[in-house]
Amino acid sequence: MTDPTLRVRDLDETELLARIFPLLPIGEGVDVGPGDDAAVVRADDGRFVVTTDVLVEGRHFRRAWSSGYDVGYRAAVQNLADVAAMGARPTSMVVSLVMPADLPVAWVTDFARGLADASGPATVVGGDLSGGDAVVVSVTVHGDLDGRAPVLRSGARPGDVVAHAGTLGASAAGFDLLSSGAGSPADGAPGVSNPRSPYVTAFLRPETPLAAGPAAARAGATAMLDVSDGLLRDAGRLARASGVDVDLAEGVLMRDVTALVPAAVDVAVATDDADGAHRARTWVLSGGEDHGLLATFPPEVAEKGLPAGFRPIGDVRDAGEAGEAGPRVLLDGEPSHEATGWDHFRP
């Protein structure tokens, strides 16, 4: 166990890396792992899927809520989800970490454990360490298409079935439980079970259905993306890229809303908000960071059965079919007027 009094400033970079590397397993596709100027990773397909993302302390996480393990886990998941959304299999990660000198070394080693546990087959093959005033994490993930064409956002066609794999609203519920004081980080601790635990855990350590991405590609998905900024916002991105309307079935989504109402009531009581049911609806339609997958499939695929983990939640229509110019997101055929989700540059 790492001495809890030991700080980053007490070690040099070599000593700190010596504590991190043993926690990060090396995958089968890696010829040269951490320790040299660069890694060497095999690309049997001849192509790489590449994505990158950044987490900034105070913007994307709070150390008062999130342990090093939580931050490492989330940093991996949100990038792995982007690779899966292309229909690819994650293979390797490069991770850079900026940290203040007084950060406990135990936080850093916990961060490495979180990365390792979330990454599955994707090996951490290198990265960088730097000092700074706050913790900043940058993760780049590579993936292999295994000979398939990538699944883009732009392939949806009228008549396709819209399907979703993963959860909707759980992470947003966890955030509101924590920020309102109706929940605490302890609710998301491993092994803790109470009505708030699934939602706090979903915010601190979200899960993404990684296997569902390649499965969707094999089944013939026409378009797909990671739902990271809210269902409506990300469905709108797919609609615009494909030049279609995406019509979501509100009745199906209201089942997700109903499941979240008890958590919404807890938040409503803590914040003196009388409309808990509306909050649950907002979580499902506009809450982000669940990192599920939104995909479209030809009707014949849906008739035979969607890939494991996917459920139908709507269909694709000609843009403007409902009487107004598209592309748009509709709810039961009507234009949606809900808040559309997370934007990095707006309050």
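Within 6.0 Å of CG in Asp133 there are 12 or fewer heavy atoms belonging to other residues, nucleotides or ligands. Within 6.0 Å of the CD atom in Glu15, the count of heavy atoms belonging to other residues, nucleotides or ligands exceeds 12.
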For Thr52 and Val139: C-alpha separation, side-chain torsions, deciding distance, then whether side chain to side chain contact (heavy atoms under 4.5 Å, CB included) applies.
CA-CA 6 Å; Thr52 192; Val139 176; 5.9 Å; no

Determine whether Arg89 and Asp146 satisfy the following criterion, salt bridge (charged side-chain N to carboxylate O under 4.0 Å, His left out), listing intermediate values before the conclusion.
CA-CA 8 Å; Arg89 172 177 53 85; Asp146 292 323; 2.8 Å; yes

Side chain to side chain contact (heavy atoms under 4.5 Å, CB included), that's the test. Do Val246 and Leu248 meet it? Break it down for me.
CA-CA 6 Å; Val246 171; Leu248 301 176; 3.8 Å; yes

Could you go through the salt bridge (charged side-chain N to carboxylate O under 4.0 Å, His left out) check for Arg255 and Glu250 one step at a time?
CA-CA 9 Å; Arg255 300 171 200 166; Glu250 190 163 5; over 6 Å; no

With side chain to side chain contact (heavy atoms under 4.5 Å, CB included) as the test, would you mind laying out the steps for Leu23 and Thr109 before giving the verdict?
CA-CA 8 Å; Leu23 305 174; Thr109 54; 3.9 Å; yes

Pair Arg19, Leu11 - check side chain to side chain contact (heavy atoms under 4.5 Å, CB included), show working.
CA-CA 10 Å; Arg19 292 171 179 261; Leu11 303 176; 3.5 Å; yes

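No donor-acceptor distance shorter than 3.5 angstrom exists from the side chain of Asp128 to the backbone of Val95, with no hydrogens or angles considered. In this structure, Asp247 contributes its side chain and Asp332 its backbone to a donor-acceptor pair below 3.5 Å. Ser119 contributes a side-chain N or O that, together with a main-chain N or O of Ala116, makes up a donor-acceptor pair within less than 3.5 Å. Between the side chain of Asp226 and the main chain of Ala81, no donor-acceptor pair closer than 3.5 Å is present. At least one donor-acceptor pair under 3.5 Å links the side chain of Thr222 to the backbone N or O of Thr296. A donor-acceptor pair under 3.5 Å links the side-chain atoms of Ser180 to the main chain of Leu177, judged by distance alone. Side chain of Asp45 to backbone of Gly147: a donor-acceptor contact under 3.5 angstrom is found.
Asp256 approaches Val252 most closely through the heavy-atom pair OD1-O, 3.5 Å. The shortest heavy-atom contact between Ser66 and Val71 is CB-CG2, 3.8 Å. Closest non-hydrogen pair, Pro206 versus Glu289, comes out as CB-O, 3.6 Å. The minimum heavy-atom distance linking Val125 with Ser92 is given by the pair CG1-CB, 4.0 Å. Of all non-hydrogen atoms in Val151 and Ala221, the two that sit nearest each other are CG1-O, 3.9 Å. Nearest heavy-atom pair, Leu331 versus Leu253, reported as atom, atom and distance to 0.1 Å: CD2-CD1, 4.4 Å.
Residues Leu6 and Pro104 have side chains not in contact (no heavy-atom distance under 4.5 Å, counting atoms from C-beta outward). Within the 4.5 Å cutoff, side-chain heavy atoms of Leu231 are placed close to those of Leu294. Within the 4.5 Å cutoff, side-chain heavy atoms of Met86 are placed close to those of Pro150. Inter-residue side-chain proximity for Phe297 and Phe310 is flagged as met; some heavy-atom pair is nearer than 4.5 Å. Counting heavy atoms from C-beta outward, Ile26 and Pro34 have side chains that approach closer than 4.5 Å. In this structure the side chain of Arg153 reaches within 4.5 angstrom of the side chain of Arg237, judged on heavy atoms. Side chains of Arg74 and Leu204 form no contact here, defined as non-hydrogen atoms less than 4.5 Å apart. Proximity of Asp315 to Asp160: side-chain heavy atoms (C-beta onward) are nowhere separated by under 4.5 Å.
Taking 4.0 Å as the cut-off between side-chain N and carboxylate O, Glu57 and Arg62 do not count as a salt-bridged pair. Residues Arg328 and Glu334 are not paired through a salt bridge, judged by the lack of any N-O separation under 4.0 Å between the basic side chain and the carboxylate. The existence of a salt bridge linking Arg205 and Asp117 is excluded, since no basic side-chain nitrogen approaches an acidic carboxylate oxygen closer than 4.0 Å. By the 4.0 Å N-to-carboxylate-O rule, Asp10 lies too far from Arg7 to be salt-bridged with it. A salt bridge is defined here as a Lys NZ or Arg NE, NH1 or NH2 lying under 4.0 Å from an Asp or Glu carboxylate O, and Arg157 with Asp318 fails to meet this definition. The existence of a salt bridge linking Asp31 and Arg42 is confirmed by a sub-4.0 Å separation between a basic side-chain nitrogen and an acidic carboxylate oxygen.
If you chain together hydrophobic residues whose side chains sit under 4.5 Å apart, Leu80 and Val94 never meet in one group. In the hydrophobic cluster analysis, where Ile, Leu, Val, Met, Phe, Trp and Tyr join through side-chain heavy atoms closer than 4.5 angstrom, Met224 is grouped apart from Val162. One hydrophobic cluster, built from ILVMFWY side chains closer than 4.5 Å, cannot hold both Leu293 and Val316; they sit in different ones. With hydrophobic clusters built from ILVMFWY side chains whose heavy atoms lie under 4.5 angstrom apart, Met93 shares a cluster with Leu24. Under the 4.5 Å side-chain contact rule for hydrophobic residues, Val124 and Val105 share a cluster.
Phe21 contributes atom CZ, which lies 9.5 Å from atom CG of Leu16 (distance to the nearest 0.5 angstrom). Thr167 OG1 to Tyr199 OH: the interatomic distance, rounded to the nearest 0.5 Å, is 10.0 Å. Rounding to the nearest 0.5 Å gives a distance of 6.5 Å between CG of Asp266 and CZ of Arg196. Taken to the nearest 0.5 Å, the CD1 atom of Ile20 stands 8.0 Å off from the CZ atom of Phe111. Note: Asp70 CG to Asp110 CG = 9.0 Å, rounded to the nearest 0.5 Å. Considering CG of Leu330 and OG of Ser336, their distance stands at 8.5 Å, rounded to 0.5 Å.
For Tyr73 and Gln78, the side-chain atoms include no donor-acceptor pair closer than 3.5 Å. Counting only N and O atoms by type, the side chains of Ser154 and Ser242 include no donor and acceptor under 3.5 Å apart. There is no side-chain donor-acceptor pair under 3.5 Å between Ser96 and Ser138. Side-chain polar atoms of Asp290 and Ser171 form no donor-acceptor pair below 3.5 angstrom. Side-chain contact of Ser197 with Asp187: a donor-acceptor pair under 3.5 Å is absent, judged by distance alone.
His291 meets the ring pair (Phe, Tyr, Trp, His ring centres under 6.0 Å) test with no other residue; sequence neighbours excluded. Residues satisfying the ring pair (Phe, Tyr, Trp, His ring centres under 6.0 Å) criterion with Phe48, sequence neighbours excluded, are His142. Looking at residues two or more places apart in sequence or on another chain, you find a ring pair (Phe, Tyr, Trp, His ring centres under 6.0 Å) between Phe175 and Trp65, Phe203.
When each of Val141, Val49, Asn79, Asp144 is paired with Pro90, the side-chain contact (heavy atoms from CB on, under 4.5 Å) condition holds for Val141 and for no other.
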